[in-house]
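The chain is numbered in sequence order, starting from 1. Side-chain atoms are counted along with the backbone in the values below, which use heavy atoms only and exclude waters and symmetry mates.
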Amino acid sequence: GGQGITAECAFEIAKQINAKMVLVGRTPVNDSIQNTLNRYQENGLIAHYYHCDITDFDQVSKLIKTTNRELGTITGVIHGAGLVRSRRAEQVTSEQFISEISPKLIGAMNIVKALEDQPPKLFVGFTSITGVTGMSGNSSYGFANEALQLFLRRYEKQQSKTKVQSIAFSIWDSIGM
C-alpha cells in the first residue's frame with residue numbers, strides 16, 4: 001500500500017537494504033500517497049505506486065508484468081491489504097463477507113498465482129491479532145486474517161524457494177491500515 005502500516009514497513013525496509021519498492025493500492029494517488037513517494041525520493045530511494053484492485057487477477061497479472069518490465073524481477077512481496085467494516089456477524093450479507101475478505105485473502109492468492117513462474121525469495125503477509133483473539137464486530141476481518149495465515153503456511157510448504165513470514169499486528173495509533 002501507499003499509506004498506513006504497509007507503507008511504513010516498506011519504507012523502513014527500503015532504507016535498510018536500498019530496495020526498489022512497488023507500492024500498490026486500490027486508492028488513486030492522493031496527498032498521503034504522494035507524501036509517501038516524496039519520502040522515498042528525499043531519501044534517494046526508488047518507489048513506484050500503482051493503482052490496482054488486487055482482487056482482480058487480470059489486474060494483478062498486468063501489474064506483475066509492468067513491474068518486471070519497469071523495475072526488474074520481483075524478489076519480495078509485502079502483502080498488507082485489508083478491509084475493515086465493523087459490524088456484528090449477523091448483519092453481514094454473503095456478498096459483503098466476500099467483499100470484506102477479498103483484499104486480504106483473494107489478493108494474496110492472486111499475487112501467488114501471478115508469480116507462479118517467478119516465485120519471490122520472500123513473501124510477507126501482514127495479518128492482525130484479530131484473527132487470533134477476535135474482536136467484537138469484526139468477524140469478517142478476523143476470518144480474513146486467520147485464513148491468510150493458513151494460506152501462507154500452505155504456500156510455504158508448496159514453494160520451497162520462498163521464505164514466508166506472517167506478522168500479526170494490532171492497531172498502530174497514528175498510522176492506520
Can you tell me if Ser61 uses its side chain to pair, donor with acceptor, with the backbone of Phe57 under 3.5 Å? no

Please give me the minimum heavy-atom distance between Gly2 and Ala7, naming the atom from each residue. C-CB, 3.6 Å

Non-hydrogen side-chain atoms of Thr36 and Phe11 separated by less than 4.5 Å: no

Taking all non-hydrogen atoms of both residues, which atom of His79 and which atom of Leu148 are closest, and how far apart? CD2-CD2, 4.1 Å

Note, Leu115 side chain near Gln118 side chain (heavy atom, < 4.5 Å): yes

Determine whether a donor-acceptor pair (N or O, by modelled atom type, separation under 3.5 Å) exists between the side chain of Thr67 and the backbone of Leu63. yes

Check whether any side-chain heavy atom of Ser102 sits under 4.5 Å from a side-chain heavy atom of Ile98, and report yes or no. yes

Is there side-chain contact between His48 and Met21, with heavy atoms separated by less than 4.5 Å? no

With a 4.5 Å cut-off on side-chain heavy atoms, are Phe123 and Glu156 touching? no

Measure the spacing between CD1 of Ile78 and CD1 of Ile111 and express it to the nearest 0.5 Å. 11.0 Å

Please tell me if the side chains of Ile74 and Asn68 come closer than 4.5 Å, counting only heavy atoms from C-beta onward. yes

Identify the heavy atoms of Cys52 and Val60 that sit nearest to each other, and give their distance. SG-N, 4.0 Å

Say you draw a straight line from CD1 of Ile46 to CD of Glu70; how long is it, rounded to the nearest 0.5 Å? 12.0 Å

State, with a plain yes or no, whether a side-chain heavy atom of Asn30 is found less than 4.5 Å away from one of Gln3. yes

Cluster question for you: counting only ILVMFWY and a side-chain heavy-atom cut-off of under 4.5 Å, with indirect links fine, are Leu150 and Phe143 together? no

Are the side chain of Ser140 and the backbone N or O of Phe97 linked by a donor-acceptor pair below 3.5 Å? no

Distance (rounded to the nearest 0.5 Å) between Thr127 OG1 and Phe151 CZ: 14.0 Å

Can you see which heavy atom on Pro28 is nearest to which on Tyr49, and at what distance? C-CE2, 4.5 Å

Closest approach of Ala81 to Pro103 (non-hydrogen atoms, all atoms of both residues): CB-O, 3.6 Å

To the closest 0.5 Å, what do you measure between CD1 (Ile101) and OG1 (Thr55)? 11.0 Å

Decide salt bridge (Lys or Arg N to Asp or Glu O under 4.0 Å) for Lys104 and Glu146; before the verdict, give the C-alpha distance in whole Å, the side-chain angles of both, and the deciding distance to 0.1 Å. CA-CA 10 Å; Lys104 190 160 292 291; Glu146 181 61 13; over 6 Å; no

Mind listing the closest non-hydrogen atom pair of Tyr155 and Pro120 along with its distance? OH-CD, 3.7 Å

Would you check if Gln59 and His51 make a side-chain contact, meaning some heavy-atom pair closer than 4.5 Å? no

Residue pair Asn145, Gln149: steps toward the side chain to side chain donor-acceptor pair (under 3.5 Å) verdict: CA-CA 6 Å; Asn145 282 282; Gln149 169 72 19; over 6 Å; no

Within 6.0 angstrom of Gln41 CD, more than 12 heavy atoms from elsewhere: no

Just how far is it from atom CZ of Arg26 to atom CD1 of Ile54, taken to the nearest 0.5 Å? 8.5 Å

Step by step, would you call Glu42 with Arg39 a salt bridge (Lys or Arg N to Asp or Glu O under 4.0 Å)? CA-CA 5 Å; Glu42 291 162 4; Arg39 285 177 59 206; over 6 Å; no

Rounded to the nearest 0.5 Å, what's the gap from CG on Leu45 to CG on Leu37? Could you check? 11.5 Å

